[in-house]
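Inspection log for the structure reproduced underneath, given as structure tokens.
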Amino acid sequence: MEIPKTYSPKDFEDDIYKDWEAQELFNPDKIKPRRKEHFSIVLPPPNVTGTLHLGHASMLAIEDLFVRYKRMQGFDTAWIPGTDHAAIATQNVVEKKLWKEEGKTRHDLGRERFLERVEAYVEDSKNIIHNQIRKMGASLDWSREAYTLDETRARAVRKVFKMMYDDGLIYRGYRIVNWCPRCKTTLADDEVDYKEQSAKLYTFKYDKNFPFAIATTRPETKLGDAAVAVNPNDERYQEYIGQIFDVNFCGVDLKIKIIADDAVESEFGTGALGVTPAHSAVDFDMAQKNNLEIIKVIDEDAKMTDKAGKFAGMSVEEAREKISAELEKNGLLEKTEELINNLSVCYRCKSAIEPLTSDQWFINVNKKFKVRGSEMKKSAGKEASLKELSLSVVKDKNINIIPERFEKTYFHWMENLRDWCISRQLWFGHQIPVWYCEDCAEYVVTELSATELFVMRHGEAKNNVLDQLNSDIENQINGLTEKGKEQVEAVFEKLKNEKIGAIYCSDFRRTKETAAIINEKLNLPIIEDPRLREVGVGEFEGKHDAELAAFRQNNFAQWQNDNPHGIESFESLKTRVFACLEEIAEKFPGQKVLIITHGDVCRIVQGFRKNIADEKLFKMDYPLTGEYLHLKFAPIKCKCGSQNLKQDEDTLDTWFSAGLWTFSTLLEKDFETFDKKENPLLKRFHPTTVLETGYDILFFWVARMILMTTYATGEVPFENVYLHGLIRDKEGDKMSKSKPETAIDPLDAGRKYGFDAVRLSLLIGNTAGNDIRLYDEKIEGYRNFVNKLWNISRFILMEQGGRDKQASEISELSKTLADRWIISRFNKLIREVTKLLDEYNFSSAGELLREFTWNDFADWYLEISKVEQNKEEMLKYIFKNLLKLWHPFVPFVTETIWKQMNPKEKSLMISEWPEFAEKAIDENSEKEFESVKELIIKIRNVRSENKVQPAKKIRISIISDNENLIKEQRENITALSRAEVLTFTRQEQEKFIKDFVPMGEIYFYMTDLIDPEKEKERIEKEKNNLENYISGMEKKLSNDEFVNNAPRPVVEGERQKLAEAREKLEKILEQLGALK
RNA sequence: GGGCAAUUAGCUCAGCUGGUUAGAGCGCUGCAUUCACAUUGCAGAGGUCACAGGUUCGAGUCCUGUAUUGCCCACCA
């Protein structure tokens, strides 16, 4: 067999992955589990905007390791992939792209068109990241891929929203929120970052009549002040507490109440704080407590509002300048000073956050509700708030966080959690499932999705080309032209991802043909409805379109309710079309329906359920051939009976849908409830076993999942949380594009060193909760190791023959001391690695494996096997099982080698995890072999010290207490140390003593060595070490307190060690004597 | 301001509930090239475990304090 000397990962990796996928080995339905217990992980969904970075790579390496390990152990194993729509991040990316490439804003396109752009972008992006994930070797079940914004997940989102609303946990309120004026949306508290900046602190009085000064960095907000707060213990202001002052601040009249609040620090500024309820979270709380007026002086564009008097319309910066100038001019400004403070900025775009009051949807985290699930009730009681429930499941260890210290962080965050603002003023995301009635003040919350109608005109027909009106059902001879057919195909291209549930068309030939073309791909029932026919044209039949158009344009009033020249009246057309639409809406609530009809009908449709005057409606444009209309309707009625409802424009915080991820990914496509009876996958895999993610999103995501899932399902989302650290560069800094020389792209690194090496570099040395440094030399080292594995396999494959042995046949395999040694060591390795992996300590497991593979197996056993010969079966037994242990770490190279060794087997990844065999443990043989190793190393050492040419064989004599062992190992010692062993008895040796140099138990033939003095030095050194050691031990053992207090085995152990050391010393002294 | 972590060989890090003469990889030094592998082999040098106290028969490991570094949270009106 021709096997290259160097392993070339790129020649194998892609094919190996394709083979796994083709065999469907990632799908738990396609492989037989050998145990009942499940092991499941849902992939933390990467943002659709992203490309694979090291954070993902490390996440994938760790999770794939867990999953492959458990799969080999026979667990029913699922690893579910998906992507996150990442509302704000994705919208920002597409907006930037749109601006750069076309100079347009999202408003230029409008919601509908903009979202189409986003979806197109998302599609591309998803494919890129999925292929990158495959590169890493991740054994994800792609057949169950989810997306936070797909229909199943969307239904789960609406359902939970409604559940929470019905439980009174979701409410709409006018509250202070974090507003990003750039993104034009609210942000959750933890989506706000802080940036240090230097600011000016202004100390001033509102006006001349106000008794004392206040200090602020933002004078412009003071236009909205309703109070001044002081510390209740501050003596300076006691007399004013409770008083109300009418002031005129820069032309704006304000009523300022003096209130006392502990939050105020007397030492800061003047100890008096101007309270601006509308623009500071702390002040808003004070306003609630003290019933203060909320005056909003800054709007959503970060401009001053009408309430700001003459400053209205100015930017906040401009207003600040003007106000400070005016204060100074009027002698109200006492001083300005520089200070460093934290500016709150948007975590996505880094612009300054403007805290302001606004009408938003919130989740109440303190309100009690009826807890679901018996385990949850046990933890939190029958009734609990979201906060209490989320705290209790971690306190009671229903969820186990690794490393444990993050529990504290979690508790602290959860205990201080405030109501969660979930509405976002973005377009991309889950639209809030609330419908406002246009005819009364009510609104309706529904889990049903909007009924959506896609209304299109037929493609170009022959009568269009001839410019002949043709609406006589008896005379439908004209079908579509070639161009018409192409137009239809073009529309279908745009619609194909919409998951249309039904197709309606008129009974005209041109619409039926259009429907048939589209339905070639969709295979839906086509419903023909004559109510969707083109308007009846009466006497104009067969005439030019323009003639009819001109007539109707000029005689609308006449035609509105009547039928001059036999033209069907507008009223009649409207009535039949609306009746048809009403029926469709009722028949397909929450679904998408495609309607293929004619120009005038398209026009009319736009007025469905809307109060649009007939004439205005008649004059509306309708979509050109090749385009379509998209209309959304409420799937339910308002209490008042009106169906004229409009959905809330806002979308939900992306973490709302992400919070459902562990169970929403396991729901059936057409689920009605979250019940396990209805959702077999949920029953099989939920709660998931481990959630593996970075500690940096503990709050964003992990906490939210706990909160949302315990609420919605009455079950924890996961039993364990494994938090990994961040990947840093060699200096310990965050990798960033601004430092390209240290930033590593996992894909580049994979191409260069192989993805197995990249995985190892991310796994070994990586411990829970700790950051890890990565740099090229490290990956290179693991590349070298992978190559070592490869070359071990080359060696073993060259040793032909032998058959595979099982663990039960170990005794047959063990013929020599080296055999017993390696097999004992190896079985300990199996035991240790298994234990460490169960403890999530994969780094130590990897280190042990590396040590065994390189040091024990390659450096010693393989060398011995060249001497002892005929070890094919043993080598195969160890190596094949070793490949299994390695597989979760380095799946590609192990599978590649496995396939070469077992061409007939399906795959290493579904082979059985090695079992530890107790009977293989042989402590005595291990000890004996270690002493042989020691001898060999000593001989090599002496050779090296004396610069003996490697090719030169030296002669030695060994005087050992274990003469049999030396005799038996004579060949091994000779081969591995290039020394000829001449065994002497003590008496025999006496005769040669003058020619030999003693070194421990070994006597070297003097003329073979260059410098016996050197050896003397060495022995002296060893003697000193030993003497020091012995005196320390003696002291210890003569200490009664130690002997009495320390546990017996410890004392015994120490005695043993002392005895051994004394023996050793004795020999050394003897040899030293001989040297002199 | 509150909290968490880290500090062990030149570098990157192990060292579990206190009981070895403190380990690994890389790097370094010397030697070796047809025999699985130079992406290699063999041998070696290198550490008062940040500092100061304390607990204990015994401390890298536990406690207190100090210093340095990093991170998280709160907040700076």
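Sequence lines set the chain letters: A, B, ... in the order given, protein chains first and strands last, and positions in each chain run from 1. Values in this document were obtained by computation on a predicted structure and should not be read as measured data.
- Separating the CG atom of Leu343(A) from the P atom of C75(B) is a distance of 14 Å, rounded to the nearest angstrom.
- Checking side-chain atoms of Arg943(A) against main-chain N and O of Gln949(A) turns up a donor-acceptor pair under 3.5 Å.
- When the nucleotides A77(B), C57(B), G30(B) are ranked by their closest atom to the side chain of Ser944(A), G30(B) comes out on top.
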Verdict with supporting geometry, Phe210(A) and Phe204(A), ring pair (Phe, Tyr, Trp, His ring centres under 6.0 Å): CA-CA 10 Å; Phe210(A) 200 72; Phe204(A) 60 89; 9.9 Å; no
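- A salt bridge is defined here as a Lys NZ or Arg NE, NH1 or NH2 lying under 4.0 Å from an Asp or Glu carboxylate O, and Arg1055(A) with Glu1060(A) fails to meet this definition.
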Under 4.0 Å protein heavy-atom contacts per nucleotide of nucleotides 33-41 of chain B, with B for base, S for backbone only and - for none: ---BB-BSS
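- Here, G46(B) and U56(B) have their P atoms 36 Å apart, quoted to the whole Å.
- With sequence neighbours left out, Thr203(A) forms a side chain to side chain contact (heavy atoms under 4.5 Å, CB included) with Ala213(A), Ala215(A), Thr270(A), Glu334(A), Lys335(A), Glu337(A).
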Intra- and interstrand pairs of RNA chain B - dot-bracket, Watson-Crick/G-U under 3.5 Å, | marks other strand: (((((((..((((.....[...)))).(((((.......))))).....(((((..]....))))))))))))....
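- Using a 4.0 Å heavy-atom criterion, one finds that Ala215(A) contacts the sugar-phosphate atoms exclusively.
- Positionally, the nearest nucleotide of RNA chain B for Arg850(A) lies more toward the 5' end than for the other of Arg850(A) and Arg940(A).
- Classification of Arg1062(A) and Glu1027(A) as a salt-bridged pair fails, no side-chain N sitting under 4.0 Å from a carboxylate O.
- With C1' as the reference atom, C62(B) and G23(B) are 22 Å apart, rounded to whole Å.
- OP1 and OP2 of C31(B) both lie 4.0 Å or more from every side-chain N or O belonging to Lys947(A).
- No contact: Pro1049(A) has no heavy atom under 4.0 Å from any strand.
- Contact check, Thr217(A) against A77(B): a side-chain N or O comes under 4.0 Å of OP1 or OP2.
- The distance from atom CZ of Phe268(A) to atom P of G1(B) is 15 Å, rounded to the nearest whole Å.
- At a threshold of 4.0 angstrom between heavy atoms, the contacts of Asn341(A) are confined to the sugar-phosphate backbone, with no base atom among them.
- With hydrogens and angles ignored, the 3.5 Å screen pairs no side-chain donor or acceptor of Trp420(A) with any backbone N or O of Asp189(A).
- Separation of the P atoms belonging to U21(B) and G58(B) is 16 Å when rounded to the nearest angstrom.
- Heavy-atom nearest nucleotides on RNA chain B were determined for Ile937(A) and for Lys1057(A), and the one closer to the 5' end corresponds to Lys1057(A).
- For Asn941(A) and G44(B), the shortest distance from a side-chain N or O to OP1 or OP2 is below 4.0 Å.
- A distance of about 25 Å separates the C1' atoms of G54(B) and C16(B), rounded to the whole Å.
- Between U68(B) and C51(B), the two C1' atoms lie 11 Å apart (nearest whole Å).
- Nucleotides U7(B) and U17(B), compared at atom P, are 14 Å apart to the nearest Å.
- Legend: residues meeting salt bridge (Lys or Arg N to Asp or Glu O under 4.0 Å) with Lys408(A), ordered by chain and number and at least two apart, are absent.
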Measure all distances between protein nitrogen or oxygen atoms and nitrogen or oxygen atoms of nucleotides 12-16 of chain B, and list the pairs falling under 3.5 Å.
residue, atom, partner, partner atom, Å
U12(B), OP1, Arg773(A), NH1, 3.2
U12(B), O4', Tyr775(A), OH, 3.4

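- For Glu1063(A), there are no salt bridge (Lys or Arg N to Asp or Glu O under 4.0 Å) partners two or more places apart in sequence or in a different chain.
- For the pair Asp756(A) (side chain) and Phe892(A) (backbone), a donor-acceptor distance under 3.5 Å is present.
- Rounded to an integer number of Å, the gap from NZ of Lys408(A) to P of G2(B) is 15 Å.
- Counting any heavy atom pair closer than 4.0 Å across all strands shown, Val1051(A) reaches no nucleic acid atom.
- G15(B) and U34(B) have their C1' atoms separated by 43 Å, with the value rounded to a whole Å.
- Ring centroid separation for the pair Tyr410(A) and Trp413(A) does not come in under the 6.0 Å cut-off.
- Nucleotides G70(B) and A32(B) place their C1' atoms 45 Å apart, quoted to the nearest Å.
- The residue Glu945(A) sits apart from the nucleic acid: no heavy atom pair falls under 4.0 Å.
- The CZ atom of Arg405(A) sits 6 Å away from the C1' atom of A5(B) (whole-angstrom rounding).
- The two residues Val275(A) and Lys222(A) come nearest to each other via the heavy atoms N-NZ, 4.4 Å.
- Taking a 6.0 Å sphere around NZ of Lys938(A), one finds it holds more than 12 heavy atoms contributed by other residues, nucleotides or ligands.
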